[in-house]
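Report on one structure; see the data block that follows.
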Amino acid sequence: MQDAITAEYSGPPKLNYLNNGFTLKSWLLTKDHKRIAIMYLITVSLFFMAGGLYASAIRLELLTPASDLLQTGTYNKVFTQHGILMIFFFLIPSIPAVLGNFILPIMIGAKDLALPRINLLSLYIYWVGGAFTVWALLQGGVDTGWTFYTPYSTTFSNTYVMAVGLGIFINGFSSILTGLNFIVTVHTMRAPGMTWFRLPLFVWAQYATSLVMILGTPVIAITVLLLAIERFARVGIFDPTIGGDPILFQHMFWFYSHPAVYIMILPGMGVISELISNFSRKKIFGYEFIAFSSIAIAVFGFLVWGHHMFVSGQSVYAGLVFSFLTMVVAVPSAIKMFNWTATMYKGSISYDTPMLYGIGFMGLFLIGGLTGLFLGAIGLTVHLTDTYFVVAHFHYVMVGGQVIAYLGGIHYWWPKMTGKMYSEFWGKISAMLVFVGFNLTFFPQFILGYMGMPRRYSYPPEFQVLNIFSTAGASVLGVGLILPLIYLTQSLISGKAAGDNPWMLPGLEWRTSSPPPTENFDVMPVVTWEAYEFGEESGLDLEGARANESVRTV
Amino acid sequence: MSSHSETGKFHYHEPGLQHQFEDMGQQEESVSIGMWMFLVQEIMFFGGLFTAYLVFRSKYPMAFAAGSNHLDAFWGGLNTLVLIVSSLTMALTVYYAQKSNRNMQVIMILLTMAFGATFLGVKTIEYRDKFNHGLVPVQGWNKRIKAETNAEHETKPCWEVDHNAPAIEHPNPRGEFQWTDCSLVKKAQDEGYLTNAEKIGYFSNGEIDANKFRDKVRIFYYLYFVMTGLHALHMIVGLALMTWLLIVAWRGSFSEDYYMPVEMSGLYWHFVDIVWIFLFPLLYLLGRHFMHGG
Amino acid sequence: MAEYEQHDHDHIEHDHMTIPKYIGIFLVLVVGTILTYFAATVDLDFIFPGANTLVALLIAFTKMTCVMLFFMHVYWSPRMIWLSAVASFFWLAIMFSYTMQDYLTRDPGVFSP
Amino acid sequence: MQTNSWVPLFPEQASTFAWQVDLLYLYLIVISVAFTIPIVVAVFLFALKYREKEKFASGAEIHGSMVLEAGWSFLPFVISMTIFLGGAVVYYNQYKMPEDAMQVYVVGKQWMWKIQHETGQREINELHIPVNRKVKLTMTTEDALHDFSIPAFRTKADVVPGRYTYLWFEANKPGKYHLFCAEYCGLNHSGMGGYVYVMEQSDFDNWLEGNVSGQTPVEQGRDLFENKLGCASCHAGGPQQRGAKLEGIYGKDVHLVGGGTVTANDEYIRNSILNPGSQVVEGFQPIMPTFKGQVTEEQLVSLVAYIKSLSGITGSTSTSQPASNSAANSGSNARTNSNTMTPRRADRGQGNTPGSNPNAPGPANR
Ligand code: HEA
Ligand code: HEA
Ligand code: CUA
Ligand SMILES: [Cu+2]
């Protein structure tokens, strides 16, 4: 396909997606999934920083019981905007739009996503939605909580609910289009020999995520649209004083937002499957079970949304049904957890930075998931709901789960994406800091929650001690998160060249150059090996790599 | 299809083949799966609205029946037929594209567009009518001076107002939603089929409360406007799509070998039609039987 | 070359529908519409309450099925497309039924005596 | 009166089903530990034992095991079903409303709880109940969602506008417990709370009767201001202050939003309490809720007297000295609380049926 081009550029400065054009236009009008991924990476990081700054403000305010640093009204806006930015603009696009976009097509041996123009469109929609939201935040922001519960959001809040809602509405379509693109790509763009059961598990996870995106996201779109119209027209379909029903909003909101939490974890699970298996240099244990459990989570995830509404006034019967299904949906996650552990058995495990994140994920997601069971047990949730126990639970799964997996994935594929190697030393330091800081921040919140400290609150004095722990932990966590920013940037400038396959792994993405050429492969690959094949069949030149010490420092 | 690209090692790029694909088969399959995923997405999008409809209709069937009776089933039915015809012409467009018949394609696209536009025209008539009768559920969006309301509502209790009574012109300075007729509530009360939500929702101190009933009817109109409005928006997008198709078809670009865009636009058009197939009975017809038999 | 769906449909087959067939489907749709209208004006509540709704929806479903199978050519489409059509309605059913399961069991009330 | 340990781990158990919730909690902790320890130990063990011996050596060829998969799908399923059943039982106890309970009516409102007893006794942000007696709350709200939450009783329920929701508990330990609003409801959500006082039956009867013993209007006003009506939650000085400073305003000119000034006289203060929105002080949000219908004329007089006293003006009554008032502030102790209560015989007389009371939940649909 690109033979002519490669022949021409066979000299050292090989043409890759990065040096293939330097103009702004060559970036903004690109259809190359890799460039789009890089643009996502930058935007997503900016949103993470903004969300992180809000988080810092929350933790500083919560250092003392009184609302002294932030006025109540400001505090309400701060946690709302923290939630909105982190969820809709950072966590949901994080792994799919950055790592998925970059790696998925390469992993299956495609030249690009099936619909590159749609991919670019999705990036633009994300930008427009993001810009719109940021504009609304600058105008004055919102104070409804990220859940936008009515009738507060429709009738009582005098902040920019409508504008932020529309920002989320727009942004939703970016997510939908990304999901659509992945599904099509996985169906039609696999290289010869890349059968469904040879797909890396990351691809399966992305596929499951995409299903949720397509089936769920439109519902949040229509929900916030109704919310916005409602605010404008005051007809009151969510306003009980004139016949509406505020709980209908909760149903519609959680119909998306519960499955959305699986949008926020499945890609992370995919990354972890890659990391655990590859850094144990061993075939993953129970491939089919991990693959199908992703799909099972995506499907069953749609049946449990009512567990966010146990005390909302929904019927007792519905509460019991949703509690039951919540328990069922935990099982596929359990299957994954056990399979990952079993994968490490008799492996040949190396502790590079990505693997540290992988192991960190196993511990943190375990705690996060198990506390999800606490919240699913309906009699217990009555006490726990809307307390810091919930806050701790979801930070464990979202930060301890997805963010950690995202960081692991970034470190893992960084040499592929940039062709440069970062400092292993600082990578490990930062992984440790994140792990320690994270636990210090959020573990105390479980206790606070059980003690009854409500969320979105300035608390009574007896809760202060644990809150101080939490704030201290957040500082450590903050440092741990700023470090990668520094050393990853530094690696771009002065990092040593990574080589095409620094970890000597069999995946297709490691069989093209780093950074990959515009159409990913110089020769269309033909897959003859199973996923995670480390034996002879993989055709890797391990001896050669061992001889070449510079490939990697252990 | 596995055969030809393996043998055809030379890289012949068929017209319209994008760089990331190997051959047209792959491209067509991608596009068609993509389109279907888009439609799935659309179904869920409208699905949210249908959920809201379902919930409120099950809560306030009489308000929905009253609101629905007041919609003009003639226009609604006509529009249904118009859309069905346009669906036929759309299907034929695809058929003629497959047969590489440029002229018939162009004609069929033009017909489809004409019917689509007719549909929107009728919708405008209906919307205007609602505006005149003060039935737009947004304050200020109704006719302010001389809105037409029922002649009898000032003299009679709200359940005796005959909604077929002649309309008089009636000032509505703040452009508010107007609804006076609660005869259905009275009837349902007498015959004993009010739901629990209705027994609370329509009454004050044991009496039928015209204002409270009006609020529920307004919810119906709200859903009516949002549902038909979004549907109309989809029609407008569809018309834009048709315009583009028309231009390309005019140039004779579609043939037996390459008609994917026609096929895909057709899927979209039929989808919009299907939404209307449900909207018509749900909005215009359900509850109509209360006016006739028992 | 890529190894995508196993079906061989270099071009989606297009010799199944003929103009008379199209017109036939069209007539079914028209009849359906007229039927819906008249069914709605007859009070069917004597069968069971809500019978009118059921009839209206049954007709609508039939019409939709015709459009999907023949106008949208689902009938001759690969499994993936059948699947996505069915799945989307399945998901709608989830949304409806699980929401209604709350509303229908609410009276005499959630936390009610 | 919460636990005294430095880092408290459990809230007090003060209701009959608190132990059930705690037991369920412990059961889940045991399960979590039972799953966490093996997994973490295994990960660490493998991590040490199977550390790569040679660079790029590959691990053993193991693909999976049907038996293991079936086992570890089945086991969590069974365990999770036990959790579900446990949860369902506890939930049933929490929400199966008793027949023979004492009724209390609760109305949430941004940002206060208005509570009324069957006897007509009303209170704000405080709930006095007798120990060892079932209490059933019938709740609604005038505006946004709220949530009536008492951690020590391990129960809560959202309060939904346009509907009633219900909550019941039987307190089994006298004391003072936190009452929170646990559903986010806007600006002063975290100020929307107070205390539940669980008292011995005799104390409770005493409290219901009220105690007429000599409070001056200023003292009574102060009590209303600081405890009963929660004015202090906005008007006390300090960083939490959202309302205007009331010290020294009496007799001064007040600048209003939208121009204009008024002199702060009795009439103005009265109006500020009943119709806060009508004259909003410059520099403030119009967030003060109206107290119309909640304060009697008698109480208004006391409030005005108290606010005047803040400007050093003493009415017909004696000056209140902060020191001598400490008793009035001791509402924190349930046992002695009875002496801080003001009698409201007047409205108890007419307010015996909840329906006729302005404070009782209104009709479900307004
Ligand atoms: C990435 C996001 C994510 C993920 C993956 C999860 C996963 C789960 N969540 Fe969580 N959740 C959130 C994000 C997430 N959640 C958020 C954001 C909120 C709050 C929203 C708000 O109100 O603002 C929330 C709130 C929330 C609630 C409502 C709390 C309340 O407000 O009252 C509940 C209740 O059931 C719940 C349950 C669960 C369960 C059962 C899982 C399960 O999927 C977990 C499954 C995992 C495991 C179980 C661990 C591994 C298994 C084993 C080691 C084997 C042992 C297992 C068994 C014995 C079964 N979550
Ligand atoms: C993806 C989701 C996500 C992430 C990553 C986080 C991350 C964090 N959150 Fe998050 N949080 C939510 C989602 C998330 N949160 C949601 C949904 C809510 C509920 C909102 C609601 O109630 O409506 C919530 C609420 C919430 C609360 C409860 C507020 C309340 O109820 O009153 C608290 C309190 O501690 C908190 C703390 C933190 C902390 C300390 C982090 C830390 O992990 C953050 C660490 C990050 C940093 C410290 C940034 C580091 C980098 C920089 C600072 C860059 C420097 C800047 C430049 C160079 C420009 N969060
Ligand atoms: Cu009331 Cu929060
Ligand atoms: Cu959930």
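Naming: A, B, ... by sequence-line order, numbering from 1 per chain.
Proximity to chain B involves both the backbone and the side chain of A:I237, based on heavy atoms less than 4.5 angstrom apart. At a 4.5 Å heavy-atom cutoff, B:Y221 makes no contact with chain A through either its backbone or its side chain. Proximity to chain B (any heavy atom under 4.5 Å) is shown, for A:N181, by neither the backbone nor the side chain. For chain B, the nearby part of A:I176 is the side chain; its heavy atoms alone come within less than 4.5 Å. If you measure heavy-atom distances from B:W141 to chain A, the contacts under 4.5 Å come from the side chain alone. Within the 4.5 angstrom heavy-atom criterion, no atom of A:Y256 approaches chain B. Contact of A:L248 with chain B is made through the side chain alone, with heavy-atom distances under 4.5 Å. Neither the backbone nor the side chain of B:I43 comes within less than 4.5 Å of any heavy atom of chain A. Looking at A:A110, neither its backbone nor its side chain comes within 4.5 Å of chain B, counting heavy atoms on both sides. Residue contact with chain B, scored on non-hydrogen atoms closer than 4.5 Å, involves the side chain of A:F173 exclusively. Both the backbone and the side chain of A:L226 come within contact range of chain B, judged by heavy atoms closer than 4.5 Å. For B:A63, no part sits under 4.5 Å from any heavy atom of chain A, backbone or side chain.
The environment of B:Y127 atom OH is dense: over 12 non-hydrogen atoms of other residues, nucleotides or ligands sit within 6.0 angstrom. Surrounding NZ of A:K31 are at most 12 heavy atoms belonging to other residues, nucleotides or ligands under 6.0 Å away. Within 6.0 Å of atom OH in A:Y124, more than 12 heavy atoms from other residues, nucleotides or ligands are found, so the atom counts as buried in its surroundings.
To the nearest 0.5 Å, atom OH of residue A:Y17 and atom CD of residue A:E519 are 15.5 Å apart.
Scanning both residues, A:T150 and A:S153, for their nearest heavy atoms gives CG2-OG, 3.5 Å.
Two residues are said to be in side-chain contact when any heavy atoms from C-beta on lie closer than 4.5 Å; A:N520 and A:T512 fail this criterion.
At least one donor-acceptor pair under 3.5 Å links the side chain of B:W179 to the backbone N or O of B:D181.
Heavy-atom pairs under 4.5 Å with chain B peak, among A:L115, A:L177, A:D245, at A:D245.
The cationic atom of B:K216 (NZ for Lys, CZ for Arg) lies less than 6.0 Å from the six-membered ring centre of B:Y60 and within 45° of the ring axis.
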